[in-house]
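Here the structure is laid out as structure tokens; the discussion comes afterwards.
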Amino acid sequence: LKKPPQAIVANWNLDHTQPMLYIEALHSSDNKPYVLEHRWINLGSVPAADKTDFSMTSANEWLVQNMPFSHGDIVFQAMGATPRQCEHLDVPVGSALFIIDRTTWSQQHAMTTVRLSYAPGYRMQTTV
């Protein structure tokens with residue numbers, strides 16, 4: 001448990017900075033890192049997360065299976081890699097990363113916010 005950054009407290013319209021569950025996970029494919037996940041889970045909205053082992057099931061997968069959501073906010077952007085991102089994604093400092101910031105809500109209550117930092121070469125395709 002950690003005290004969340006002020007930006008999250010403000011975005012979630014919280015009156016105080018209650019401790020939240022913080023998860024940092026590195027996802028890989030073919031033994032190569034491709035996304036670094038930084039996630040905050042609001043235990044006021046998702047109390048069962050505090051007793052969940054996320055070492056075998058990702059937080060995202062668990063949330064989708066266990067917590068219905070009503071809406072979310074998603075931001076897509078490109079950013080230069082920070083030293084910490086470089087360390088985990090094995091890329092040079094300043095490398096262009098594809099970033100997704102997403103907050104998921106259940107009615108008026110924020111459940112989780114996540115920043116996904118994708119290594120260079122990541123490609124996303126959707127169908128409309």
Side-chain angles (χ1 to χ4, degrees):
L1 297 180
K2 290 176 77 171
K3 185 176 176 181
Q6 186 58 38
I8 291 174
V9 172
N11 186 41
W12 289 4
N13 298 317
L14 298 177
D15 295 330
H16 50 77
T17 55
Q18 66 191 37
M20 294 184 190
L21 184 60
Y22 175 73
I23 298 170
E24 185 175 289
L26 181 63
H27 301 267
S28 59
S29 177
D30 295 329
N31 294 319
K32 295 179 184 174
Y34 76 94
V35 64
L36 180 60
E37 173 181 350
H38 296 276
R39 180 181 296 273
W40 291 91
I41 298 177
N42 181 356
L43 296 176
S45 298
V46 189
D50 191 32
K51 295 173 178 55
T52 302
D53 178 5
F54 293 112
S55 64
M56 298 304 290
T57 301
S58 75
N60 189 69
E61 184 177 341
W62 183 88
L63 286 162
V64 168
Q65 292 174 356
N66 293 281
M67 298 302 302
F69 66 93
S70 60
H71 65 284
D73 306 306
I74 301 174
V75 175
F76 301 98
Q77 60 185 324
M79 294 178 66
T82 66
R84 183 145 175 89
Q85 291 165 324
C86 294
E87 175 186 340
H88 291 290
L89 296 173
D90 194 27
V91 297
V93 173
S95 295
L97 302 181
F98 178 54
I99 307 291
I100 298 176
D101 291 312
R102 184 181 71 237
T103 301
T104 307
W105 300 78
S106 176
Q107 304 309 322
Q108 303 91 327
H109 305 285
M111 295 190 313
T112 186
T113 192
V114 63
R115 170 166 278 189
L116 302 168
S117 303
Y118 291 89
Y122 178 79
R123 183 172 180 252
M124 179 183 288
Q125 180 175 341
T126 64
T127 302
V128 294

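Residues that satisfy the side chain to side chain donor-acceptor pair (under 3.5 Å) test with W105, not counting sequence neighbours, are D73. The side-chain contact (heavy atoms from CB on, under 4.5 Å) test applied to N11 returns T103, not counting sequence neighbours. Residues passing the salt bridge (charged side-chain N to carboxylate O under 4.0 Å, His left out) test with R115 are D101, sequence neighbours excluded.
By the rule that hydrophobic residues join a cluster once side-chain heavy atoms approach within less than 4.5 Å of another member, M124 and I74 end up as members of one cluster. Residues Y122 and I100 share a single hydrophobic cluster, defined by chaining ILVMFWY side chains whose heavy atoms lie under 4.5 Å apart. Both I41 and M67 are members of a single hydrophobic cluster when ILVMFWY side chains are connected at heavy-atom separations under 4.5 Å. Hydrophobic clustering (ILVMFWY, side-chain heavy atoms < 4.5 Å, transitive): M56 and W62 are in distinct clusters. One hydrophobic cluster, built from ILVMFWY side chains closer than 4.5 Å, cannot hold both V114 and L26; they sit in different ones.
Side chain of N42 to main chain of A110: a donor-acceptor pair is present (N/O by atom type, distance under 3.5 Å, no hydrogens or angles). A donor-acceptor pair under 3.5 Å links the side-chain atoms of T52 to the main chain of A48, judged by distance alone.
When side chains are defined from C-beta on, T112 counts as touching L63, because their heavy atoms get closer than 4.5 Å. P19 is not listed as a side-chain neighbour of K3, based on a closest heavy-atom distance of 4.5 Å or more.
Separation of atoms CD (Q108) and CG (N13) is listed at 10.5 Å; rounding is to 0.5 Å. To the nearest 0.5 Å, the span separating CE on M20 from CG on L14 amounts to 4.5 Å. The distance from atom OG of S70 to atom CD of Q107, rounded to the nearest 0.5 Å, is 4.5 Å. Between the CH2 atom in W40 and the CG atom in L21 there is a gap of 9.0 Å [rounded to 0.5 Å]. Between the CZ atom in F69 and the OG1 atom in T104 there is a gap of 6.5 Å [rounded to 0.5 Å]. To the nearest 0.5 Å, atoms CH2 (W12) and NE2 (H109) are separated by 12.5 Å.
Under the salt bridge (Lys or Arg N to Asp or Glu O under 4.0 Å) criterion, no residue pair touches residues 42-52, with sequence neighbours excluded.
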Could you go through residues 82-95 and list every donor-acceptor pair under 3.5 Å that involves a side-chain atom there, pairing it with any protein atom two or more places apart or in another chain?
from : atom 1 : to   : atom 2 : distance (Å)
T82  : OG1    : Q85  : N      : 3.2
T82  : OG1    : Q85  : OE1    : 3.2
R84  : NH2    : E24  : OE1    : 3.1
R84  : NH2    : E24  : OE2    : 2.6
Q85  : OE1    : T82  : N      : 2.8
Q85  : NE2    : S117 : OG     : 2.9
S95  : OG     : P92  : O      : 2.7

Can you give me every donor-acceptor pair (side chain of residues 29-37, partner residue at least two apart or in another chain, under 3.5 Å) with its distance?
from : atom 1 : to  : atom 2 : distance (Å)
E37  : OE1    : H27 : NE2    : 2.6
E37  : OE2    : R39 : NE     : 2.7
E37  : OE2    : R39 : NH2    : 3.2

Steps toward side chain to side chain donor-acceptor pair (under 3.5 Å) verdict (D53, S55): CA-CA 6 Å; D53 178 5; S55 64; 2.7 Å; yes

R102 and L116: CA distance, side-chain angles, deciding distance, side chain to side chain contact (heavy atoms under 4.5 Å, CB included) verdict: CA-CA 8 Å; R102 184 181 71 237; L116 302 168; 4.2 Å; yes

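Between L43 and A49, the shortest heavy-atom contact is CD2-CB, 4.0 Å. Residues F54 and I23 come closest through the heavy atom pair CD1-CD1, 3.5 Å.
Classified by interplanar angle (parallel below 30°, tilted 30° to 60°, perpendicular above 60°), the ring pair Y118/F98 is tilted.
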